[in-house]
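Just so it is clear: chains get the letters A, B, ... in the order the sequence lines come, proteins before strands, and each one is counted from 1.
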Amino acid sequence: MAAPNRGRRPAGAQGKPGRTLVLILIAMVALTGGMFWAGQLTPRLGIDLAGGTTITLKAKSQPGQENAVNETNMKTAVGIIERRVNGLGVTESEVQTQGDDNIIVNIPKGTNSQQAREQVGTTAQLYFRPVLTYAPGTPSAPQPTPAPSASAGDKGKGDKGKDEKDKATPPSGTPTATPTTQGRAVTDALKAPTPTPTPSGADKPKSSEPPKPPPSGDAAGAAKLEKQFTALDCTDKKVRGALGDNVKPSDTALACGKNAAGEWEKYILGPAEVSGKDVDDAKGQLDQQRGMWIVTMDFTDSGSKKFQKITSKLSQQQPPMNQFAIVLDGEVVSAPSVNQTLTANAEISGSFDQESAQNLGNILSYGALPLSFEEQSVTTVTAALGGEQLKAGLIAGAIGLALVIIYLVAYYRGLALVAILSLLVSAILTYTIMALLGPGIGFALNLPAVCGAIVAIGITADSFIVYFERIRDEIREGRTLRPAVERAWPRARRTILVSDFVSFLAAAVLFVVTVGKVQGFAFTLGLTTLLDVVVVFFFTKPVMTLLARKPFFANGHPWSGLDPKRLGAKPPLRRSRRASTPTDHPKEA
Amino acid sequence: MSRLGTLGARLYRGEVGYDFVAKRKIWYGVSILITITAIVGLAVQGLNLGIEFKGGAVFTTPSSSVSVSQAQEHAEEASGHDAIVQKLGNGALRIQVSELDQAQANKVNEALAEDLQIPVEKINAEIVGPSWGEQIANKAWTGLAVFMLLVVVYLAIAFEWRMAVAALIALIHDLTITIGVYALVGFEVTPGTVIGLLTILGYSLYDTVVVFDGLKEGAKDITKQTRYTYSEVANRSLNGTLVRSINTTVVALLPVAGLLFIGGGVLGAGMLNDISLSLFVGLAAGAYSSIFIATPLVADLKEREPQMKALKKRVLAKRAAAAAKGESADDSDAAQDAIPGDAATAGAVVGPRNRGRGRSSDKR
C-alpha cells in the first residue's frame, strides 16, 4: 500500500480537477438518489438504538458429541432459528453466528420477547415419543380420578371445559373417540387432515390404577423408572430442567408437560419414534369448516414412514397408550391421541387458540436443531434509553465536529474551507452508504458504530492536515502555491495511504476477529477510513488544485492560511525550486 | 494560533527544535517509570471489572424522584448483593447488581418496581452472563495478537523491520499505560473499554506511521553525506513533523473529548463513555509514544548498523577536522546537543532534509 513515490509524475487529477469533482458529485447524487429510491432515508438503527431484545445463545456440546459444534451445524441452527423467529411474525429479526459457538438473535421492539425467547432459546431437540403413562405433576401417588363421562357437554372438572367444547362442537362424522381424561395434559387429537369433523369430546373413563410400568425394558429398570416417576415433581423448575439432559432418544424417558389449564403433568414416554427433523412443515391454521384452530403437519419421506409406523401401532392401543407426546427438550408440548394410521399429512386438533396453534406449528416446523443451546445473556433495551444515548452521541459528535472546525479555522484559516467541505462530502457519503447498507447487507447503526463514526472525524481530518502541512512545507521552501500543491501531493498521498492502511488493517482485524457490538464499531471505522481515501483523492486534492488558481490563495492572502511570509518562506519568492544544496546554511547560522 | 503558525515555520527551518533523540534516555526512563507504575497498579489494585465480566443484571429505571441512595438500598435489599447505582443525565437510574441470574433478576426487578413505585415494564432489565464479557475480552486478545503480527509484517515491508519493532514497542507501551490508568484510577472496565482499547491500535500507529514516513524520507541517501548522523536526521524529521503530529492528535482528541465530556459526562455513564474514555487515554499515550519513544528507538536500532556506525565516525571525524580548522564550530555543537530555540545550533540540522528533498524531487 505504500504507494511508490512516483516523484514528478503528475498526479491523476492535476490537469483536470473538474472531472474528478464531477465524478464524486455524480457518486453523491447517485447514492442520495439510491437512498430515496430505496425509501431508506435513515440508516437502520441497531437494536440498542431502536429498542428490542438481544438473545445470545451458546452451543453446548453434548456428551459423546464433542465435535457437533461445527460450522455446518451452526449454520443449520441459524437457519432454523431464523425461520422460527420469523415464524413469530417478526420481520426484522436477525440471527447470526458470533464466533465459533454463539448465535445472536436480535429481535426488534414490538415483539413478544418472552415468547420469542421461549421459542428461540429453549427449543433445541424435538421428538415424538409414545406415551406410556402419565399423572399429575406432583410427587404424590397418582390420584385416581375416574371421570367416566361420555357426553359431549360434560365439562368434567374445571379445566377440561374449553377442550371439550372445542371438540364437541363439530357434528360427528367418523365415530372415533378422542379420549381425554380428567387432569390430563393431553388435549389434542391427531388425525388425518381430511376435513372430517372429529367427533370427540367425550371423556373416556380413565383407568384409575397407578401408572403402568413401561411395557418394554427389563423389570428392574422399569421399577426404577416408576420410582422416579412417582417421586417426580414437575412443579420444580430445576427438576424439569434436569429431565431433558442426558436422555437418549432411544431411551424410555420421564417428561413433564402442561395441560390446557396450565397445570403440570408428568409422563413416562417410550423411545422416540420420529424426530423433529422428520417434520417438513407444520403450521397452525384456522379450520374454516369447524371454526377451530388446528395444527397441520407435513412429514418428509422418511418421516412419513416412521410416522405411519407409530400411528398404526398407537391407534391399536388403549388409552392412555394411544397417544404420542411431542417432546421439546424434555418437555411435553402436546400429547395428541391417535385413532387412525396416518402417513405424510396429519393434523392435530384440540383446545387450541390462535396463539397456541401457531406456536406449536412453529415448534414442529423448526423444531429440531442440530445442537442444543444455552442462553448466555438476554438483553432488553428500551428505545427510550437507546434514543437518549443516540442523542447524546449525536450532540457529542456535533460538538466534537464544531471543535475540530474551530481548530482547523484557527490554524489553517482559508484552507479550513477545503477541510470542512471534505468533511461534509465524507459525511454525506458515509450517511448515504450506511442508509443503503441497511437493506443491502443488514447493516444496523448501533451505539458503538455511532461512536466509530464520531471518532472517524479525527481520522478524516488527519489526512487533510498531512496534506496541508506538506503544502506549507513546499511554500516554506519558496514555491508558489500551484507547484506547491502539486509537489506536496505525491508525498502526502503516500503518508495518507500508509497510515490509512494501518487504520483499515486495525478495523478489518477487529471486524473479522471480534463479535457483536465490536463489529459494528469496526465496520464503521473501516468504512470511514476507505471513504477518507476516496474523499482525499477525489475531492480534497482536486479542490486544492482549483483553489490554487484563485488569487486569494495563490497570492497568499493573510487569511488564506498560505501566506508565505507567515509560513516563514524564504524571500525572495521564486517560481523555480531552490538549489538542492543547503546553501542557506551560513545565512541561518 | 499565529504563534503556533510561526512555530511550525521555525520548526521546519530548524530554528527551534528539541533534541528528542539525544535525550531519549530521559524519556525511556519516564516511560519505564510509567510502565512500572502501571504494572504495580495492575498487580496491587487490579482492574475494576464491570458486570459484563462478572455476570449480573443492569436495571434502568425511567426518570423518577427516587434518589441514588434510596435506589441502592432497595436494590441491595431486594437482591442481597452489592449494587452500583448511577444517575443518568435525564434523571433515570442505572442500577447494576452483580451475580444475579435470570430468575433472581426477575424477582429483583419486581421488588424494585414495587419499592420505587415504577411500573415493572418501565424498568429495563439486562442480564449479563460472566462468560459474555470474558468472550469479548478473549476475542479482543486474539484480535490484538493478529493485528500486531500483521502490522509488524506490513511496517517491515513498507518501511523496515527496525521501524516495525519500534512501532510495536510503542504500541505495547500505549496499551500498558492505558490499562495502568484504568487500574490506578479504578475506572470500570466494560466491553466498551475493550472496544476503545482495540481502536487505540490503529490510532497509535497512525501517528507513528506519519512520523516514520517523514523519517524514511529524511534518511534517504543518508550515507552519501557526512554532515549528520542518523540520530540527528531522525531528530530533524521528528521536529519537522511535530506540528503535524500535534495537529493530528488534537484533531483526533477533540471529537473523543466531545464524546467523553459532553456525551458521557452530561448524560451519564454508558457505552459511549466507556469507549471514549479508553480512547482518550490511549490517544494521548499514543501521541506521546510516537514522539518520545518510537523515533528514538528507531534511531537506537539504526545506530547499531555498521554503515550507520561508519557514518557517525565519518561525521564526527569531519567535525573534528573542521573544529581543528576553527571553522563553523556550531556544527559540532549541534551534533552534541541542540538547545531548543537556539537558531544557530539547530539550524545546522537543516541540511540533509532539504537536500534529501531536493534530490528526491530531482530524480525520476
task: Nearest 0.5 Å please: distance from the CZ atom of A:Phe501 over to the CG atom of B:Leu205.
output: 12.0 Å

field: Among B:Val250, B:Val151, B:Thr208, residue most engaged with chain A (heavy-atom pairs, under 4.5 Å)
entry: B:Val250

- prompt: To the nearest 0.5 Å, how far apart are CG in B:Asn247 and OH in A:Tyr411?
  reply: 5.0 Å

- request: Would you mind checking which part of B:Phe212 comes under 4.5 Å of any heavy atom in chain A, side chain (CB onward), backbone (N, CA, C, O), both or neither?
  value: neither

task: Of all the heavy-atom pairs spanning B:Gly258 and A:Ala396, show the shortest one and how long it is.
output: O-CB, 3.5 Å

- prompt: Checking heavy atoms, do the side chain of B:Val251, its backbone, both or neither come under 4.5 Å from chain A?
  reply: both

Under 4.5 Å from a heavy atom of chain B, the part of A:Ile399 involved: side chain

- prompt: Can you name the nearest heavy-atom pair linking A:Gly458 to B:Pro255, along with the distance?
  reply: N-CG, 4.2 Å

- prompt: Between CG of B:Leu254 and CG of A:Leu403, what distance do you get to the nearest 0.5 Å?
  reply: 5.0 Å

task: Name the member of A:Gly400, A:Ser499, A:Ala402, A:Ser463 that forms the most heavy-atom pairs with chain B at distances under 4.5 Å.
output: A:Ser499

- line: To the nearest 0.5 Å, atom CG of A:Asp473 lies from atom OG1 of B:Thr241 at 9.5 Å

- prompt: Of the backbone (N, CA, C, O) and the side chain (C-beta and beyond), which part of B:Leu279 lies under 4.5 Å from a heavy atom of chain A, both, or neither?
  reply: side chain

statement: CG (B:Leu259) and CD1 (A:Ile395) are apart, to the nearest 0.5 Å, by 11.5 Å

message: Heavy-atom pairs under 4.5 Å with chain B: which of A:Ile465, A:Val466, A:Leu401, A:Val404 has the most?
response: A:Ile465

